[in-house]
Amino acid sequence: MADPSSYRPRPGDIPDSPGVYRFRDEHRRVIYVGKAKSLRQRLANYFQDLANLHPRTRTMVTTAASVEWTVVSTEVEALQLEYSWIKEYDPRFNVKYRDDKSYPYLAVTMNEEFPRVQVMRGHKKKGVRYFGPYAHAWAIRDTVDLLLRVFPVRTCSAGVFKNAARTGRPCLLGYIGKCSAPCVARIAPEDHRDLAEDFCDFMAGRTGAYLRRLEKQMMEAAEEMEYERAARLRDDVEALRKAMEKSAVVLADATDADLVAVAEDELEAAVQIFHVRGGRVRGQRGWVTDKVEEITTGALVEHALQQLYGEESGDAVPKEVLVPALPEPVEPVQEWLTGRRGSNVSLRIPQRGDKKALMETVQRNAQQSLVLHKTKRASDLTTRSRALEEIAEALDLDSAPLRVECYDISHLQGDDVVASMVVFEDGLARKSEYRRFQIKGFAGQDDVRSMHEVITRRFRRYLAEKERTGEWADGADGAETADGAGTDAGAGTVLPDGDPLGGSLKDDEGRPKKFAYPPQLVVVDGGRPQVAAARRALDELGIDDIAVCGLAKRLEEVWVPGEDDPVVLPRTSEGLYLLQRVRDEAHRFAITYQRAKRAKRFRTGALDDVPGLGETRKQALIKHFGSVKKLRAATIDEIQQVPGIGRKTAETIAVALARATPAAPAVNTATGEIIEEEEPETTAGSPGEPVTAGHPDERRGQET
């Protein structure tokens, strides 16, 4: 590990002008390439106190052994040189996009005497027209099969073409009319090239004029009673329309644009691109990249644009590029794109209309791509086993944590404070064993105290179950029933017979036990304070055989009790990926419950506390009296007049409303006048409210 001060250049030696810089390691390998509007200001940011640097930047500067730079005249030149050097040196600390060259294109080899239509992958070649990329090669072949009827362009390889020319016999496509057979001179080279040009124009989106021309020729042939020719033209028109239907119109104004969306987390980012030509989606591609450097969404977009257009020119760069965030500064990137195209390019964020709606679709695709990438890694048995082994090694555990529980606290400015517990077994989520809690020990916002309460309640229930079944013979203090936890929705969860960690998982009546299965590892969402609170709660209950750690979201640091410094797992560690997934799932489950609880509180009315009063009769009461205020003032006999309300129910309603404290009246602060208002009533059973069975304190989680 090098000391950055050992190779830090003197500030006066660094020019205050645009340029590109390279960090090299001790073996002279380039490990990072960057550009700057001012080299002096940018490089100064790397040579400061290491404690102030982002962990990834800190790793880079301590790995490097030297830095050098090249001065350029403009920021656009810096952008171009940065892209060239990244392609040349492939630095380990720069953003790298995976699967960049795996997408197939529909290519037309206009650089040959007889252009050929084919599927191509890999680097683009000069003189070849490309369309796409497509998600699958079969999609290209289906499109080509439809278009060859109208544009019988050559599709055979060079070997087949030469063999047909030598024998004087075309291939099968030549006999069935799907190739104009230039190999046997059925068509002149100039006419075949015109066919290829028409094919390219149609694929580029210029479809309307060509269809109208064919329809006009069809009508003329019919008028001249050339019915066979008219029928062939009719079939050609239908084939073209069928090919066009494969890509629906998404932008009505026949726009040529590329839409770029980014979905990211702390370690990775997924980029999705939709290529729209003539208002239709003509291609789609996507990448996943490791975030090996501290980088913003705008910088990710800039890297994606470099990857997309670094080797393109002309019409391959569209007039419009729509992005979720603009690079900073945006002017050099826009000028660079304009130079690649040869005419003005608009780089902007869509604000409304069809373009914004399409951008939302691209964003969903990017999010799904990131989730799918992580799921593929998580679903592999070997990967999961390696992740658990890495966690055990990092935390110094005796064995791999086969059952992991993660806890998270959620609230809105101190209101509706709740917590979640999610369970992962063998690296996979066990949603049937999720639990959720209301924080009842105190009011207000205190994540540390909330974490202590939740851990205490969860493991007090565990100890109570062990004591009740005789599995816990010592009878240690604190093994009482959970403080107000009540019944959770685990009743009804079918668990396997036999507890590999001690005892049966079912009680004497055959129902699953509550919290009867202890984890080997407890993960909390937070840093050192939350970890200390969780460990203290377990120590107070006399539990010393369960490991505890915390995952701090900002820097993805793993904290363990009693340590001043966190455990930093490598960014490529499968163990870190698993901990991150567990933490993110706990956060999702907690915030979902918190939002539902807050929404229910907003919809709760005074009639909700009346036992035995259903939704239908609540609505009937409100409809009859108009408001709860008028209902509260009504007599029992008046309440009985509502259909479905008997004497006993009317008495219950009157007593419940009398006990309820009405809201304080509004007061005009200027005059002191009490403002009379009718009290509206919205009941908890209104449409759209999530209906949840079980005790209100802790329930099993349900995915919706």
Side-chain angles (χ1 to χ4, degrees), residues 15-22 30 32-43 69-91 93-97 100-101 123-126 129-130 133 255-262 269 271-277 283 285-287 289 291 293 295-350 355 359 362:
D16 188 17
S17 58
V20 182
Y21 53 91
R22 292 175 291 186
V30 175
Y32 185 76
V33 174
K35 61 176 175 58
K37 182 179 180 180
S38 169
L39 287 169
R40 180 178 300 172
Q41 294 179 14
R42 175 61 58 84
L43 289 176
W69 56 85
T70 299
V71 176
V72 296
S73 56
T74 65
E75 293 180 65
V76 177
E77 290 183 19
L79 189 69
Q80 293 171 332
L81 184 57
E82 179 195 33
Y83 172 74
S84 300
W85 279 357
I86 289 175
K87 296 288 286 185
E88 178 181 355
Y89 296 113
D90 191 25
F93 285 99
N94 279 96
V95 169
K96 299 182 184 69
Y97 290 109
D100 178 29
K101 303 301 181 185
H123 293 283
K124 294 185 177 181
K125 300 177 181 178
K126 188 176 181 180
R129 294 283 302 276
Y130 291 90
T255 300
D256 289 346
D258 283 350
L259 291 89
V260 181
V262 178
V271 178
Q272 278 287 312
I273 302 99
F274 275 23
H275 302 278
V276 179
R277 299 296 182 269
R285 67 195 299 186
W287 304 310
T289 177
K291 295 173 67 174
E293 56 176 319
I295 192 168
T296 63
T297 303
L300 282 171
V301 168
E302 181 179 316
H303 284 291
L305 296 179
Q306 287 180 318
Q307 191 83 0
L308 269 172
Y309 307 118
E311 299 177 2
E312 304 290 353
S313 61
D315 291 341
V317 182
K319 297 178 182 178
E320 247 184 301
V321 180
L322 305 178
V323 295
L326 294 174
E328 183 61 38
V330 68
E331 291 80 11
V333 180
Q334 191 158 340
E335 186 178 344
W336 175 71
L337 290 174
T338 298
R340 305 299 302 179
R341 176 178 171 81
S343 60
N344 188 52
V345 175
S346 172
L347 178 63
R348 61 189 183 86
I349 303 173
K355 293 176 182 178
M359 175 60 81
V362 184

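Taking CG of L326 as the start and CD1 of I349 as the end, the distance is 4.0 Å to the nearest 0.5 Å.
Side-chain atoms of R340 come within 3.5 Å of backbone atoms of G310 as a donor-acceptor pair (strictly under, hydrogens ignored). Judged by distance alone, the side chain of R42 and the main-chain N or O of K35 form a donor-acceptor pair under 3.5 Å. Listed for the Q334 side chain is a donor-acceptor partner under 3.5 Å among the backbone atoms of V345.
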Checking side chain to side chain contact (heavy atoms under 4.5 Å, CB included) for the pair V271/L300: CA distance, chi angles, key distance, verdict? CA-CA 9 Å; V271 178; L300 282 171; 5.7 Å; no

L322 vs V362, test: side chain to side chain contact (heavy atoms under 4.5 Å, CB included). Steps then yes/no. CA-CA 11 Å; L322 305 178; V362 184; over 6 Å; no

Are L308 and V321 close enough, and set up right, to give a side chain to side chain contact (heavy atoms under 4.5 Å, CB included), and what steps lead you there? CA-CA 11 Å; L308 269 172; V321 180; over 6 Å; no

For a side chain to side chain contact (heavy atoms under 4.5 Å, CB included) check, start with the C-alpha distance between T70 and W85, then their side-chain angles and the critical distance, and finish with the verdict. CA-CA 11 Å; T70 299; W85 279 357; 3.1 Å; yes

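Here the shortest heavy-atom pairing between P91 and V33 reads CG-CG2, 3.7 Å. In terms of heavy atoms, T297 sits closest to A325 at CG2-CB, 3.9 Å. Scanning all heavy atoms of the two residues, the minimum distance from E312 to A316 falls at OE1-CB, 3.3 Å. Among all heavy-atom pairs drawn from P18 and S73, the shortest one is CG-O, 4.3 Å. Heavy-atom minimum distance, V323 versus P350: O-CD, 3.7 Å. For the residue pair Y83 and Q306, the shortest heavy atom distance occurs at CE1-O, 3.1 Å.
At least one side-chain heavy atom of Y32 sits under 4.5 Å from a side-chain heavy atom of N94. Taking the side chain as every heavy atom from C-beta outward, K37 and P329 never approach each other to under 4.5 Å. For the pair V276 and E320, the minimum side-chain heavy-atom distance is 4.5 Å or more.
Considering only residues two or more places apart in sequence or on other chains, K319 meets the side chain to side chain contact (heavy atoms under 4.5 Å, CB included) condition with R341. Residues that satisfy the side chain to side chain donor-acceptor pair (under 3.5 Å) test with S38, not counting sequence neighbours, are D16. Residues forming a salt bridge (charged side-chain N to carboxylate O under 4.0 Å, His left out) with E331 (at least two apart in sequence, or on another chain): none.
For D258 and Y309, the side-chain atoms include at least one donor-acceptor pair closer than 3.5 Å.
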